[in-house]
There are 2 protein chains.
Amino acid sequence: MGDFTGGDVFLADCPARLAVEIITDKWAVVTLYGLSRGPRRHGELLDLIGGISKKMLTQTLRRLTEHGLATRMAYAQVPQRVEYELTDLGKTLMKPIEMLTEWAELYGADVVAAQEASTAD
Amino acid sequence: MGDFTGGDVFLADCPARLAVEIITDKWAVVTLYGLSRGPRRHGELLDLIGGISKKMLTQTLRRLTEHGLATRMAYAQVPQRVEYELTDLGKTLMKPIEMLTEWAELYGADVVAAQEASTAD
DNA sequence: CTGGATCCTTCACGATACTG
DNA sequence: CAGTATCGTGAAGGATCCAG
């Protein structure tokens, strides 16, 4: 996403940009989370992740697969069965994500409080 | 990720959702990063973060401020001078973000490789 | 210099219907 | 059940001009 003429920070084209791209994807984190406990079928994820549409889930899963974070296994059955699973690479990403959720548990209330304080001004 | 015991829906309203919202914001992470080394002026950030528009930066900074992650200090000068700085709360978020950038440094190449492999199909 | 207000374009996303 | 295709809407985001 970027060629920048910026300075020394991480914005130029350092690899961190990549992580941001992956994480910034609206449904990626949630989907990864849905896969964190083992293989899941498309329909299972659909239920597990409330609020995501079939289209977005498919799209997100394909992207994760293309990035080598998940695998897609289709079983030739009727009815068709497709399972997604984290790759080893994908699993390595779960640790940073867990850090994030831990942060949210620790400081989420503070953020909400700040938000309300500024809204009620 | 504490709660997500069994058949729980991750998305429902667990605190992690908040972190996802903050992080998912396209420019938030980059902006936080720009502030991680100390107070920065609006214009400085604009240069530091290549590719961001003035509008988006303002908008992102306001949201960070509302969330209690940054402070805005305006000095009554001519020309006007406004500095943004991470709050203590904001600084706590930097650790998870650093985890992410570390991940990117470690595994970014793998992701790119996977991406190219799948694109070249 | 900072940042608000418009305008305008693009696209992300959901809903729906259809294929295998 | 899994995935694709199409369409429509609303939001995101850039460019530009204006104000303090």
Side-chain angles (χ1 to χ4, degrees), chain A residues 1-7 11 17 20-31 34-35 38-67 70-86 118-119 121, chain B residues 9 11 17 20-32 34-35 38-67 69-85 118 121:
Chain A
M1 234 124 223
D3 59 294
F4 296 128
T5 51
L11 315 147
R17 195 71 175 170
V20 171
E21 270 178 46
I22 293 175
I23 291 296
T24 294
D25 182 353
K26 184 176 182 182
W27 294 108
V29 175
V30 182
T31 303
L35 292 172
R40 289 283 184 274
R41 302 179 54 184
H42 184 278
E44 287 177 328
L45 288 169
L46 216 50
D47 293 338
L48 207 58
I49 309 169
I52 192 174
S53 68
K54 195 170 56 170
K55 176 182 170 183
M56 279 303 102
L57 179 58
T58 300
Q59 183 175 311
T60 302
L61 285 168
R62 192 185 325 155
R63 207 171 298 152
L64 294 179
T65 304
E66 285 174 0
H67 285 169
T71 57
R72 178 185 188 275
M73 287 173 298
Y75 300 93
Q77 300 177 354
V78 179
Q80 188 177 351
R81 176 188 183 83
V82 181
E83 278 194 345
Y84 293 89
E85 187 173 10
L86 289 185
S118 68
T119 303
D121 97 322
Chain B
V9 176
L11 254 188
R17 174 81 174 178
V20 172
E21 271 177 43
I22 293 175
I23 292 296
T24 293
D25 182 353
K26 184 177 181 181
W27 295 108
V29 176
V30 183
T31 304
L32 285 167
L35 292 172
R40 289 283 183 273
R41 303 179 54 185
H42 184 278
E44 287 176 329
L45 287 170
L46 216 49
D47 293 337
L48 210 57
I49 309 170
I52 191 173
S53 68
K54 194 172 58 169
K55 175 182 171 183
M56 280 302 103
L57 179 58
T58 300
Q59 182 175 312
T60 302
L61 285 168
R62 192 187 326 155
R63 205 171 299 152
L64 293 179
T65 304
E66 285 175 0
H67 285 169
L69 301 173
T71 57
R72 177 186 190 276
M73 288 173 299
Y75 300 94
Q77 300 177 355
V78 179
Q80 188 177 350
R81 175 187 182 84
V82 181
E83 278 194 345
Y84 293 90
E85 187 173 10
S118 67
D121 88 336

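The sequence lines fix the lettering, A, B, ..., with proteins before strands; numbering per chain opens at 1. Only this structure's heavy atoms are used, side chains among them; waters, hydrogens and symmetry mates stay out.
- A sub-4.0 Å separation between OP1 or OP2 of dC1(C) and a side-chain N or O of Arg41(B) is absent.
- Computed from coordinates, the Gln59(A) CD to dG3(D) C1' distance equals 12 Å when rounded to whole Å.
- Applying the 4.0 Å criterion to OP1 and OP2 of dG3(D), one finds that Tyr84(A) has a side-chain N or O inside that range.
- Atoms CZ and CZ, from Arg62(A) and Arg72(A) in turn, are 9.5 Å apart once rounded to the nearest 0.5 Å.
- Atom C1' of nucleotide dT2(C) and atom OH of Tyr75(B) are separated by 14 Å, given to the nearest angstrom.
- The shortest side-chain heavy-atom distance between His42(A) and Lys54(A) falls under the 4.5 Å cut-off.
- Contact annotation: Arg72(A) reaches the phosphate of dG3(D) (side-chain N/O to OP1 or OP2, under 4.0 Å).
- Atom CD in Glu44(A) sits roughly 17 Å away from atom C1' in dG3(D) (whole-Å rounding).
- Residue-to-nucleotide contacts include no donor-acceptor pair under 3.5 Å from the side chain of Lys55(B) to the base of dG3(C).
- With rounding to the nearest 0.5 angstrom, the OG1 atom of Thr31(A) is 10.0 Å from the CG atom of Leu46(A).
- When rounded to the nearest whole Å, the span between CG of Leu61(B) and C1' of dG13(D) equals 16 Å.
- One interatomic measurement links the two molecules: CG of Leu46(B) to C1' of dT2(C), which rounds to 10 Å at whole-angstrom precision.
- Side-chain atoms of Gln80(B) and base atoms of dG20(D) include a donor and an acceptor less than 3.5 Å apart.
- When each of dG3(D), dT2(C), dG4(C) is scored by its nearest atom to the side-chain atoms of Arg62(B), the top-ranked nucleotide is dG4(C).
- Between Arg40(A) atom CZ and dC1(D) atom P there is a gap of 17 Å when expressed in whole angstrom units.
- Checking dG3(D), dG3(C), dG14(C) against every side-chain atom of His42(B), the shortest atom distance belongs to dG3(C).
- Regarding Lys54(A), its NZ atom lies at a distance of 11 Å from the C1' atom of dT19(C), rounded to whole Å.
- When the nucleotides dC1(D), dC1(C), dC13(C) are ranked by their closest atom to the side chain of Met56(A), dC13(C) comes out on top.
- Nearest nucleotide to the Thr58(B) side chain, out of dT2(C), dG14(D), dG4(C): dG4(C).
- Listed here is the closest heavy atom pair of Gly34(B) and Leu48(B): O-CD2, 3.7 Å.
- Interatomic distance, Leu35(B) CG to Leu61(B) CG, rounded to the nearest 0.5 Å: 6.5 Å.
- For the pair Leu57(A) CG and dA15(C) P, the interatomic distance rounds to 14 Å; values are reported in whole Å.
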